[in-house]
2 protein chains.
Amino acid sequence: MAIPRAAKTQRRTRIQEEKEERILEAALDVFSVSGFRGTTIDQIAEAAGMSKPNLLYYFRTKEAIHRQLIDRVLDTWLEPLRAFNAEGNPEAEIRSYIRRKLEMARDFPRESRLFANEILQGAPHIEDELKGPLKDLVDEKAEVIRTWARAGKIAKCDPYHLIFSIWSTTQHYADFDVQVRAVLGHNLSGEGRFEDAARFLEKLFMDGLRVTATS
Amino acid sequence: MAIPRAAKTQRRTRIQEEKEERILEAALDVFSVSGFRGTTIDQIAEAAGMSKPNLLYYFRTKEAIHRQLIDRVLDTWLEPLRAFNAEGNPEAEIRSYIRRKLEMARDFPRESRLFANEILQGAPHIEDELKGPLKDLVDEKAEVIRTWARAGKIAKCDPYHLIFSIWSTTQHYADFDVQVRAVLGHNLSGEGRFEDAARFLEKLFMDGLRVTATS
DNA sequence: GTAATGTTTTACCAATCGGTCAAATTATCG
DNA sequence: CGATAATTTGACCGATTGGTAAAACATTAC
């Protein structure tokens, strides 16, 4: 008799690792579009090319799949902010943060939408992570920004709202992609939208942060 | 026998108007959190304080409720952009647009989230509206902004990405409210978040659009 | 080989889904 | 008042939901 669901100490089989990856990949497709409640196990199973009971052999519940996805995304999602370096050049750090966040929106739109869906629905699965690790990290980096401002290296501004506005403007190109495409149309301007966005956002934030005579 | 579902020429009864409003109100609560697929008729019915068959007496299908909500939101949502006046003072117009969008995020967060949910899911119900009326309106206002820039009244910038960034930064405070609250904590800074955001965003965009010697 | 384990399938379950129906109830109008 | 139309309810439908049981099948270890 099989000890069900990979309960053994080691994840031995190659097949197990492979199938789990395929399930997560398929689940990301579906969850990122339909949200948790709107997604069915059958949809995921079909997208992963296996039967529902077979899928449930690897993940006991829908929640289990979702949680693992969310955990992964939360981790990689904050990497750019973690890389934010207090010792570096302020303008360069912020500019590179914007660029990296925009690249993530371009390269991992499903992950961005999964996260957006979760927040939109009131973050029922990750409230603790938001109030804990996320808040702590933002608090830390906000203090860095405030220090830079006090030292006169960048203009004075609310560091929290600065971070919020970088998050929102960059993630917009992943989460609201359909709308962006619809508005830009499929003419030339739509294709290079990430390059255009990068140019625009870097200018916007750099102008806003540059120390001016009036500030 | 009743001619079902308000098929008569006139919406006569007060009770009808009243119940329909109560249903839409309840539906907005649920749809804005769970999205279309994630919402059940029973949830809406319970939130509206009536039985499911009773609710279905006023709206034949779940789609019908959703569509009416979406239509309403789409209309009111674009009002601030429509109010954008080509003859007005550029800086004042943009500043007031930001303020009004932020006020809408504060006063109508459910409407914002309903819209966000729809876009996140690929805008299956409103693709045409996005490519038609929305695109036309944005095209028109983008041209206004471009004219201002050419006349040297504001700095040169991509008007589409300017609009996107105003949309995203303001709506962020409605759509990602849970995250914003979690990060700010429930200390003083969290309560005045809309005022703080207004200050920050106005400064950000105004600095970025002011004509400088270097541009 | 064979025995033990790991994987997949078939059949199934109770609960919930969107929605219908006809009868019961209530409001409206003359 | 009575009649007619509007509203509400409870019982119900077939399809889909998340998930299970057990047996069939495949793989590995010895």
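Every chain is numbered from 1, with letters handed out A, B, ... down the list of sequences.
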**Prompt:** Whole Å only: how far is the CD atom of B:E63 from the C1' atom of C:dG18?
**Reply:** 9 Å
**Asked** Quick one: B:I44 CD1 to C:dC17 P, roughly how many Å, whole number?
**Response** 11 Å
**Message:** Under 3.5 Å, is there a donor on one side chain and an acceptor on the other for A:Y160 and A:D139?
**Reply:** yes
**Asked** For the residue pair A:W148 and A:F84, is the inter-centroid distance of their aromatic rings smaller than 6.0 Å?
**Response** yes
**Message:** I'd like to know if B:R72 and B:E79 make a salt bridge, using a cut-off of under 4.0 Å between side-chain N and carboxylate O.
**Reply:** no
**Complete:** From NE2 of A:H66 across to C1' of D:dG18 the rounded distance in Å is 16 Å
**Request:** Provide, to the nearest angstrom, the distance between the CZ atom belonging to B:F59 and the C1' atom belonging to C:dT20.
**Result:** 19 Å
**Side-chain N or O of B:Y58 closer than 4.0 Å to phosphate OP1/OP2 of D:dA6** = no
Please write out the pairs of protein N or O atoms and N or O atoms of nucleotides 9-17 of chain D separated by less than 3.5 Å, giving the distance to one decimal.
| from | atom 1 | to | atom 2 | distance (Å) |
| --- | --- | --- | --- | --- |
| D:dT9 | OP2 | B:S51 | OG | 3.4 |

**Item:** Interatomic distance, B:E18 CD vs C:dT26 C1' [rounded to whole Å]
**Value:** 15 Å
**Request:** Using atom CD of B:E46 as one end and atom C1' of C:dT16 as the other, report the distance to the nearest whole Å.
**Result:** 14 Å
**Asked** Angle class for the B:F164/A:Y173 ring planes (parallel below 30°, perpendicular above 60°, tilted otherwise)?
**Response** perpendicular
**Fill in**
Rounded to whole Å, CD of B:E17 lies from C1' of D:dA6 at a distance of 16 Å
**Item:** Value in whole Å for how far the P atom of C:dT7 lies from CZ of A:R60
**Value:** 14 Å
**Request:** Return yes if a side-chain donor-acceptor contact under 3.5 Å exists between B:Q43 and A:R37, otherwise no.
**Result:** yes
**Request:** Answer yes when A:E195 and A:R106 have at least one side-chain N-carboxylate O distance shorter than 4.0 Å, and no when they do not.
**Result:** no
**Asked** Between D:dT7 and B:Q16, is there an OP1 or OP2 to side-chain N/O distance shorter than 4.0 Å?
**Response** yes
